[in-house]
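All values below were derived from every heavy atom in this structure, side-chain atoms included, with hydrogens, water molecules and symmetry-related copies excluded. Because the structure is predicted, anything quoted here is derived from the model rather than measured. Note on naming: letters A, B, ... go to the chains in the order of the sequence lines (proteins, then strands), and numbering restarts at 1 for each one.
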2 protein chains.
Amino acid sequence: MAQKPSIPKGTRDFGPLEMARRNYIFDTIRSVFSLYGYRQIETPSMENLSTLMGKYGEEGDKLLFKILNSGDFTRSVSTQVYEEATAPQLAARFCEKGLRYDLTVPFARYVVQHRDELQLPFKRYQIQPVWRADRPQRGRYREFYQCDADIVGSDSLLNEVELLLIADEVFRRFGIRVAIKLNNRKILSGIAEVIGAAERIVDITVAIDKLDKIGLEGVNAELAAAGLSAEQVESLQPIICLSGTNAEKLADIRKVLAGSETGMLGCQEVETVLNALEGETANTIELDLTLARGLNYYTGCIVEVKALDAEMGSISGGGRYDNLTGIFGMPGLSGVGISFGADRIYDVLEQLVLYPADTETGVQLLFINFGEAEAAHCLKLARQTRAAGIATEVYPDTAKMKKQMSYANARQIPFVALVGENEMRDGVVTLKNMTTGEQQTLGIEEAIAAIRA
Amino acid sequence: MAQKPSIPKGTRDFGPLEMARRNYIFDTIRSVFSLYGYRQIETPSMENLSTLMGKYGEEGDKLLFKILNSGDFTRSVSTQVYEEATAPQLAARFCEKGLRYDLTVPFARYVVQHRDELQLPFKRYQIQPVWRADRPQRGRYREFYQCDADIVGSDSLLNEVELLLIADEVFRRFGIRVAIKLNNRKILSGIAEVIGAAERIVDITVAIDKLDKIGLEGVNAELAAAGLSAEQVESLQPIICLSGTNAEKLADIRKVLAGSETGMLGCQEVETVLNALEGETANTIELDLTLARGLNYYTGCIVEVKALDAEMGSISGGGRYDNLTGIFGMPGLSGVGISFGADRIYDVLEQLVLYPADTETGVQLLFINFGEAEAAHCLKLARQTRAAGIATEVYPDTAKMKKQMSYANARQIPFVALVGENEMRDGVVTLKNMTTGEQQTLGIEEAIAAIRA
């Protein structure tokens, strides 16, 4: 019996219209990256599991797609080992490779592996799919694209400034109004330090990060559950609830952090970045001390972008990581990057009806097929229209006129050329404008001019 | 200890120059596909193994990369089953998904799955990586790109004609001189029929296909080994060694095939296609009866393209398949397609030094960083040059002049802007042309004009 075809859950097919829109997104991001001097690289879909494991936390390890070794993959695993080992242990024996989980770890691996060929500072962008064995749900897929720009080999804050300009410019081009939220991991560390809970920094950032989702009471409950005393939780309140202009927030937080060198450095970094961007962006940049971002490798500025007019999680984010290449044997190389979530941007553009009308520049001209001799003649005319840059089709079959016209309509082809016996004899085409219904009999050069107009 | 980073064998990293060249290849192919009315789709990297298995022959099944099920993948496999089952049987229990092996089977699956949304005939193109667990060797990778155009829902030979025009145009744009070889599976079937070995058609095509590699004697030995009698092998000789013009070859083969309806139909199809293309192509199209192509789903015209001036296997190929969607429950839908091998085309372009000089349009302007105040000023100037479409960098660190200039040289940036105290005061930039060494002091608008010139 024939199989009923389907695709794995959490994956998607993209049809022509979706592809045109996705390409619009990728092209827009790509051209801004290029304008700022970032150059494209690509890395393999598969990485050695030794490259990927342990880089995304325990949860991340579970979400890696692992690829079964080819051939007799069971060779080195005896029945006894099979009996006794856990699934993750067996997976490690059966699989050497996994699908990439993000673009940052492969980039760090790339930099270390190609260190001798690279000119530092190295600015790269990368637009490729990543895979995560997450539970699929609305807006969360198992295969999705990331669009990343990173620079390594420079710890100048100018890089942060430029990456924020890139974010601003990308969303300006899309026409999406956004809030760009900025924070600094050093400020968060400083806070943990001054309330006497430096070793709780991870728990604190994780809890504060949830303010949007679970509210202030929820955050406080989580902080308490993480082992903070009532006094410590209390002393965090002014920070969590900080308000006012960026300058006011900075002034307030500096009072709290006066005793922490790290914290004060974080404030200084944020201030430098904000000052450089003053008046330079279309969107507002907001200091948000509750922004934490999950990934533990961040060490300095962190940023997240949200759409103002659509319900959607963050559509872009990034930050400074001081030692990502260290895990691959190349310490002391600071990096900073920003990532755009193409799939979420897709949904926002659709929700806000922001796609340009001509996103899919499809076929402009269809030659109707009246028979073998006519079709052969049309093929030569199509050669001329194509040479003039006009995307052209010759209907392949000698089908009924009505069928061919409804094909043209369904494909939204704006011009149809009718070339029958008479037109062949007279060396002309009857050109029909499908929008106005108007018909003209023209030489092929005139027809080309009419289509271009 | 730090890991020494590497990537799985048979996979590759692509640096900025390689990416620029690859994009040149993809963009060229893409624009020809679009010109002929083909529209882009993408399918997931992972397909259900039930979609992939059994479509590429026994050898193909072995070359599929399989993805380990998430979570406790061993659950349904007892120790006893593990003990007794073969590796392929266990793989089928441990894995539900695999990486796509080509673009044709996923396309057939796509057409059947989305049949209600599609306007037939449906013309699509697809440019995506495929994965094969082949033994890696020169020119053969485990991850590589295919660029396919296919049309389903029309059995008109006009489609074959247009796909050959596409192949001709693509290689004309690349500047690669090619031989386009044409054959028809029906002719091969007719030959097998008239020598009384219809059931040996697969063996015969496989053997004849190797003529280039193993020579006439080798082919004859293989035919004999496949069970053909000396007489049958003898009667194949005029066909294998056929020479002359396409018309002469057709006339000769028609004499041999007079008794085979299928064979004569194949001749008719080839003749129609050749006549339609007469004088229309930049490259020669050659009827080659030894062309067989491995894949069993072809049923009509088959085509293969080879570079004339480079040692390389086929760089493009395709053909007509009459029932590929049948395996997914949608019989009676004929398709025909062509595929370009981007990786081999890459090597040919490199070998023949055919990349356009400006393939990588990199950064055009670098602002030297003289200090914090100067950099902040340059950032504003960079805003103007970028708004004018000039890809611009501001060197992020206040490094020694020599280091910054050698960065500009290594990156091949054609213009450097020096903006120190004096230039800031006077509202100008000192623009250095890195090719000529010439320096000019200009207003920013003049500098933009100079860079554009």
Inset, instruction - With a 4.5 angstrom heavy-atom cut-off, could you sort out which part of N69(B) is near chain A: side chain, backbone, both or neither? - result: neither
Legend entry - Side chain / backbone / both / neither for L120(B) at chain A, heavy atoms under 4.5 Å: backbone
Inset, instruction - Return the minimal non-hydrogen interatomic distance between I7(A) and E47(B), and the atom names on each side. - result: CG2-OE1, 3.9 Å
Legend entry - Which portion of Y395(B) sits near chain A, non-hydrogen atoms under 4.5 angstrom: both
Legend entry - With sequence neighbours excluded, residues passing ring pair (Phe, Tyr, Trp, His ring centres under 6.0 Å) with Y110(A): H114(A)
Inset, instruction - Start with the C-alpha distance between E162(A) and R386(B), add both sets of side-chain angles, then the distance that settles salt bridge (Lys or Arg N to Asp or Glu O under 4.0 Å), and finish with yes or no. - result: CA-CA 12 Å; E162(A) 290 221 329; R386(B) 285 168 180 153; 3.0 Å; yes
Legend entry - Considering all heavy atoms, the nearest D397(A)-S156(B) contact: OD1-CB, 3.4 Å
Inset, instruction - Identify which part of E143(B) has an atom lying under 4.5 Å from any heavy atom of chain A, answering side chain, backbone, both or neither. - result: side chain
Inset, instruction - Please flag which part of S70(B) lies under 4.5 Å from any non-hydrogen atom of chain A: side chain, backbone, both or neither. - result: side chain
Legend entry - Any F14(A) side-chain heavy atom under 4.5 Å of Q40(B) side chain: no
Legend entry - Under 4.5 Å from a heavy atom of chain A, the part of L365(B) involved: neither
Legend entry - chain A contact via K403(B) - side chain, backbone, both or neither, heavy atoms under 4.5 Å: neither
Inset, instruction - Might you point out which heavy atoms bring E393(A) and Y36(B) nearest each other, and give the distance in Å? - result: CG-O, 3.8 Å
Legend entry - Distance in Å, F107(A) CZ paired with D13(B) CG, rounded so as to fall on 0.5 Å steps: 11.5 Å
Inset, instruction - Answer with side chain, backbone, both or neither: which region of R124(B) has an atom nearer than 4.5 Å to a non-hydrogen atom of chain A? - result: neither
Legend entry - Segment of N369(B) engaging chain A (4.5 angstrom heavy-atom cut-off): side chain
Legend entry - chain A contact via K62(B) - which portion, at a heavy-atom distance below 4.5 Å: neither
Legend entry - Side chain / backbone / both / neither for L118(B) at chain A, heavy atoms under 4.5 Å: neither
Legend entry - Contacting moiety of I67(B), where chain A heavy atoms sit under 4.5 Å: both
Legend entry - Winner by heavy-atom pair count (cut-off under 4.5 Å) against chain A, out of A399(B), S406(B), P44(B): P44(B)
Inset, instruction - Kindly give the heavy-atom pair with the smallest separation between L35(B) and G389(A), and that separation in Å. - result: CD1-C, 3.8 Å
Inset, instruction - Looking only at non-hydrogen atoms, find the nearest pair between S6(B) and R109(A) and report the distance. - result: O-CD, 3.9 Å
Legend entry - Contacting moiety of V77(B), where chain A heavy atoms sit under 4.5 Å: both
Inset, instruction - Only counting residues at least two apart or in another chain, list the ones meeting ring pair (Phe, Tyr, Trp, His ring centres under 6.0 Å) with Y141(B). - result: none
Legend entry - Residue A91(A) versus chain B: region with a heavy atom under 4.5 Å: both
Inset, instruction - Check A87(B) against F73(A) and note the closest heavy-atom contact, atom names and distance. - result: O-CE2, 3.3 Å
Legend entry - Contacting region of R12(B) [heavy-atom separation from chain A under 4.5 Å]: backbone
Legend entry - L158(A), part contacting chain B, at a heavy-atom distance under 4.5 Å: side chain
